[in-house]
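Please read the structure below before turning to the comments.
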Amino acid sequence: QVQLVESGGGSVQSGGSLRLSCAASGYTYNMYCMVWFRQAPGKEREGVAGIYVGGGSTYYADSVKGRFTISQDNTKNTLYLQMNSLKPEDTAMYYCAARKGGCSGVWERAYFFNYWGQGTQVTVSS
(Lines give C-alpha, C1' and ligand atoms only; values in the text may rest on other atoms or scores of the structure.)
Protein backbone atom coordinates (compact mmCIF):
# COMPACT_ATOMS: atom_id res chain seq x y z
CA GLN A 1 0.00 0.00 0.00
CA VAL A 2 1.60 3.22 -1.18
CA GLN A 3 1.41 6.01 1.35
CA LEU A 4 2.51 9.63 1.07
CA VAL A 5 2.34 11.86 4.12
CA GLU A 6 3.08 15.57 3.82
CA SER A 7 4.08 17.94 6.59
CA GLY A 8 5.62 21.36 7.05
CA GLY A 9 2.92 23.70 5.83
CA GLY A 10 1.93 26.82 7.71
CA SER A 11 1.46 30.57 7.57
CA VAL A 12 4.28 32.97 6.77
CA GLN A 13 4.67 36.54 5.64
CA SER A 14 5.70 37.47 2.16
CA GLY A 15 9.43 36.88 1.69
CA GLY A 16 9.51 34.09 4.24
CA SER A 17 10.48 30.45 3.87
CA LEU A 18 8.97 27.04 4.53
CA ARG A 19 10.15 23.48 3.96
CA LEU A 20 7.63 20.82 3.08
CA SER A 21 8.31 17.13 3.62
CA CYS A 22 6.69 14.07 2.09
CA ALA A 23 7.36 10.71 3.73
CA ALA A 24 6.87 7.85 1.28
CA SER A 25 6.30 4.18 2.02
CA GLY A 26 4.93 1.01 0.50
CA TYR A 27 6.87 0.90 -2.76
CA THR A 28 10.32 0.91 -4.30
CA TYR A 29 11.06 4.55 -3.80
CA ASN A 30 13.87 4.89 -6.32
CA MET A 31 11.81 3.98 -9.37
CA TYR A 32 9.33 6.79 -9.18
CA CYS A 33 8.69 10.30 -10.32
CA MET A 34 7.80 12.45 -7.33
CA VAL A 35 6.13 15.83 -7.75
CA TRP A 36 4.84 18.63 -5.59
CA PHE A 37 1.53 19.97 -6.86
CA ARG A 38 -0.48 22.84 -5.48
CA GLN A 39 -4.06 23.93 -5.76
CA ALA A 40 -5.48 27.29 -4.81
CA PRO A 41 -9.23 27.83 -4.37
CA GLY A 42 -10.95 28.05 -7.74
CA LYS A 43 -7.84 27.06 -9.66
CA GLU A 44 -6.62 23.87 -11.27
CA ARG A 45 -4.01 21.71 -9.60
CA GLU A 46 -0.61 22.61 -10.97
CA GLY A 47 2.79 20.98 -10.88
CA VAL A 48 5.29 23.05 -8.92
CA ALA A 49 8.44 20.92 -8.83
CA GLY A 50 9.33 17.35 -9.68
CA ILE A 51 12.19 14.91 -9.35
CA TYR A 52 12.95 11.52 -10.81
CA VAL A 53 14.13 9.69 -7.76
CA GLY A 54 16.00 7.09 -9.78
CA GLY A 55 18.21 9.61 -11.58
CA GLY A 56 17.88 12.93 -9.80
CA SER A 57 16.58 15.01 -12.72
CA THR A 58 14.57 17.96 -11.46
CA TYR A 59 11.79 20.02 -12.98
CA TYR A 60 10.32 23.37 -11.95
CA ALA A 61 7.42 25.54 -12.94
CA ASP A 62 8.51 28.94 -14.24
CA SER A 63 6.66 30.63 -11.40
CA VAL A 64 8.91 29.06 -8.76
CA LYS A 65 12.29 28.77 -10.48
CA GLY A 66 15.02 30.29 -8.38
CA ARG A 67 12.84 30.29 -5.26
CA PHE A 68 11.87 26.65 -4.68
CA THR A 69 14.16 23.64 -4.49
CA ILE A 70 13.04 20.02 -4.61
CA SER A 71 15.26 17.38 -3.05
CA GLN A 72 15.19 13.87 -1.70
CA ASP A 73 16.69 11.81 1.07
CA ASN A 74 16.77 8.23 -0.15
CA THR A 75 17.83 6.92 3.25
CA LYS A 76 14.57 8.23 4.70
CA ASN A 77 12.36 7.81 1.60
CA THR A 78 11.47 11.45 2.01
CA LEU A 79 10.87 14.21 -0.50
CA TYR A 80 11.35 17.87 0.36
CA LEU A 81 10.36 21.22 -1.06
CA GLN A 82 12.34 24.18 0.20
CA MET A 83 10.36 27.33 -0.50
CA ASN A 84 12.09 30.68 -0.22
CA SER A 85 11.01 34.23 -1.05
CA LEU A 86 7.40 33.19 -0.71
CA LYS A 87 4.73 35.35 -2.28
CA PRO A 88 1.00 35.65 -1.57
CA GLU A 89 0.32 33.92 -4.90
CA ASP A 90 2.07 30.81 -3.53
CA THR A 91 -0.84 30.35 -1.13
CA ALA A 92 -2.39 26.95 -1.82
CA MET A 93 -2.82 23.40 -0.63
CA TYR A 94 0.37 21.55 -1.51
CA TYR A 95 0.27 17.87 -2.42
CA CYS A 96 2.95 15.27 -2.83
CA ALA A 97 2.32 12.84 -5.69
CA ALA A 98 4.06 9.80 -7.16
CA ARG A 99 3.99 7.74 -10.31
CA LYS A 100 6.05 4.75 -11.34
CA GLY A 101 8.46 5.68 -14.10
CA GLY A 102 9.95 8.91 -15.42
CA CYS A 103 8.88 12.50 -15.13
CA SER A 104 9.70 13.79 -18.58
CA GLY A 105 6.67 15.10 -20.41
CA VAL A 106 4.20 14.30 -17.64
CA TRP A 107 5.46 15.81 -14.42
CA GLU A 108 3.14 18.83 -14.51
CA ARG A 109 -0.01 16.85 -15.21
CA ALA A 110 -1.93 15.50 -12.26
CA TYR A 111 -3.72 12.99 -14.49
CA PHE A 112 -0.59 10.83 -14.73
CA PHE A 113 -0.08 10.43 -11.00
CA ASN A 114 -1.49 7.44 -9.16
CA TYR A 115 -0.59 8.21 -5.59
CA TRP A 116 -1.33 11.31 -3.57
CA GLY A 117 -0.84 12.59 -0.08
CA GLN A 118 -3.51 14.36 1.92
CA GLY A 119 -2.03 17.81 1.37
CA THR A 120 -0.58 20.52 3.56
CA GLN A 121 -1.74 24.13 3.55
CA VAL A 122 0.64 26.98 2.79
CA THR A 123 -0.59 30.52 3.41
CA VAL A 124 1.52 33.57 2.57
CA SER A 125 0.33 36.96 3.75
CA SER A 126 1.40 40.28 2.28
Side-chain angles (χ1 to χ4, degrees):
Q1 181 76 10
V2 176
Q3 284 194 317
L4 303 173
V5 180
E6 301 100 331
S7 60
S11 297
V12 295
Q13 290 191 329
S14 182
S17 298
L18 285 172
R19 189 177 81 155
L20 307 183
S21 299
C22 173
S25 61
Y27 61 98
T28 306
Y29 181 69
N30 64 357
M31 296 174 63
Y32 279 69
C33 174
M34 304 288 294
V35 173
W36 287 100
F37 287 86
R38 67 185 181 188
Q39 188 167 22
K43 294 188 176 181
E44 292 189 357
R45 194 167 294 192
E46 62 172 349
V48 174
I51 188 167
Y52 178 58
V53 177
S57 298
T58 57
Y59 308 81
Y60 293 95
D62 288 343
S63 59
V64 306
K65 280 181 182 176
R67 301 189 298 122
F68 290 12
T69 302
I70 190 169
S71 63
Q72 60 190 14
D73 184 337
N74 289 348
T75 64
K76 298 180 180 179
N77 282 6
T78 300
L79 181 74
Y80 300 100
L81 185 68
Q82 178 65 45
M83 304 185 296
N84 298 327
S85 302
L86 283 161
K87 304 175 181 180
E89 51 263 44
D90 295 317
T91 295
M93 185 71 80
Y94 283 71
Y95 298 91
C96 172
R99 70 180 296 269
K100 190 173 183 179
C103 296
S104 184
V106 300
W107 76 271
E108 294 176 281
R109 300 169 68 181
Y111 171 84
F112 288 100
F113 287 78
N114 313 92
Y115 307 108
W116 293 85
Q118 82 288 353
T120 186
Q121 178 68 37
V122 171
T123 303
V124 185
S125 57
S126 57

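Here the structure is a predicted model, which is why all the values come from computation and not from measurement. In what follows, residues are counted from 1 in the order of the sequence shown.
A continuous path of hydrophobic side-chain contacts links Trp116 to Phe112 [ILVMFWY only; heavy atoms under 4.5 Å]. Residues Tyr115 and Val53 are members of one and the same hydrophobic cluster, defined by side-chain heavy-atom contacts under 4.5 angstrom among Ile, Leu, Val, Met, Phe, Trp and Tyr. Residues Val2 and Met34 share a hydrophobic cluster, clusters being chains of Ile/Leu/Val/Met/Phe/Trp/Tyr side chains in contact below 4.5 Å. Linking ILVMFWY side-chain heavy atoms closer than 4.5 Å, directly or via other members, places Tyr95 and Val64 in two distinct hydrophobic clusters. When hydrophobic clusters are built by joining Ile, Leu, Val, Met, Phe, Trp and Tyr residues whose side-chain heavy atoms come closer than 4.5 Å, directly or via intermediates, Val48 is not grouped with Tyr59.
Listed by chain and number, the residues in a salt bridge (Lys or Arg N to Asp or Glu O under 4.0 Å) with Glu89 amount to none (sequence neighbours excluded). Arg67 meets the salt bridge (Lys or Arg N to Asp or Glu O under 4.0 Å) test with Asp90; sequence neighbours excluded. Residues passing the side chain to side chain contact (heavy atoms under 4.5 Å, CB included) test with Gln82, sequence neighbours excluded: Ser17, Arg19, Thr69, Asn84.
Scanning both residues, Gln118 and Leu4, for their nearest heavy atoms gives OE1-O, 3.7 Å. Across all their heavy atoms, Ser125 and Pro88 have their closest contact at C-CG, 4.5 Å. Heavy-atom minimum distance, Ala61 versus Gly47: CB-O, 3.6 Å.
Summarising the geometry, atom OH belonging to Tyr80 is positioned 12.0 Å from atom CD1 belonging to Ile51; distances are rounded to the nearest 0.5 Å. Between the OH atom of Tyr52 and the OG1 atom of Thr58 there is a distance of 14.5 Å, given to the nearest 0.5 Å. Summarising the geometry, atom OG belonging to Ser126 is positioned 9.0 Å from atom CD belonging to Gln13; distances are rounded to the nearest 0.5 Å. Distance check, rounded to the nearest 0.5 Å: CZ of Arg45 to CZ of Arg38 gives 13.0 Å. To the nearest 0.5 Å, atoms OG (Ser57) and CD1 (Ile70) are separated by 11.5 Å. Note that CD of Glu6 and CG of Leu81 are 11.0 Å apart. Values are rounded to the nearest 0.5 Å.
Taking the six-membered ring where the residue is Trp, Phe113 and Phe37 present perpendicular rings, their angle passing 60° and hence far from 30°.
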For this session: Begin from the C-alpha positions of Val122 and Leu20 and carry the test side chain to side chain contact (heavy atoms under 4.5 Å, CB included) through to its verdict.
Result: CA-CA 9 Å; Val122 171; Leu20 307 183; 4.0 Å; yes
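You'll find the side chain of Val106 stays beyond 4.5 Å of the side chain of Cys33, heavy atoms only. Between Trp36 and Leu79 the shortest side-chain heavy-atom distance falls below 4.5 Å.
Using modelled atom types, one side-chain atom of Thr91 and one backbone atom of Val124 make a donor-acceptor pair closer than 3.5 Å.
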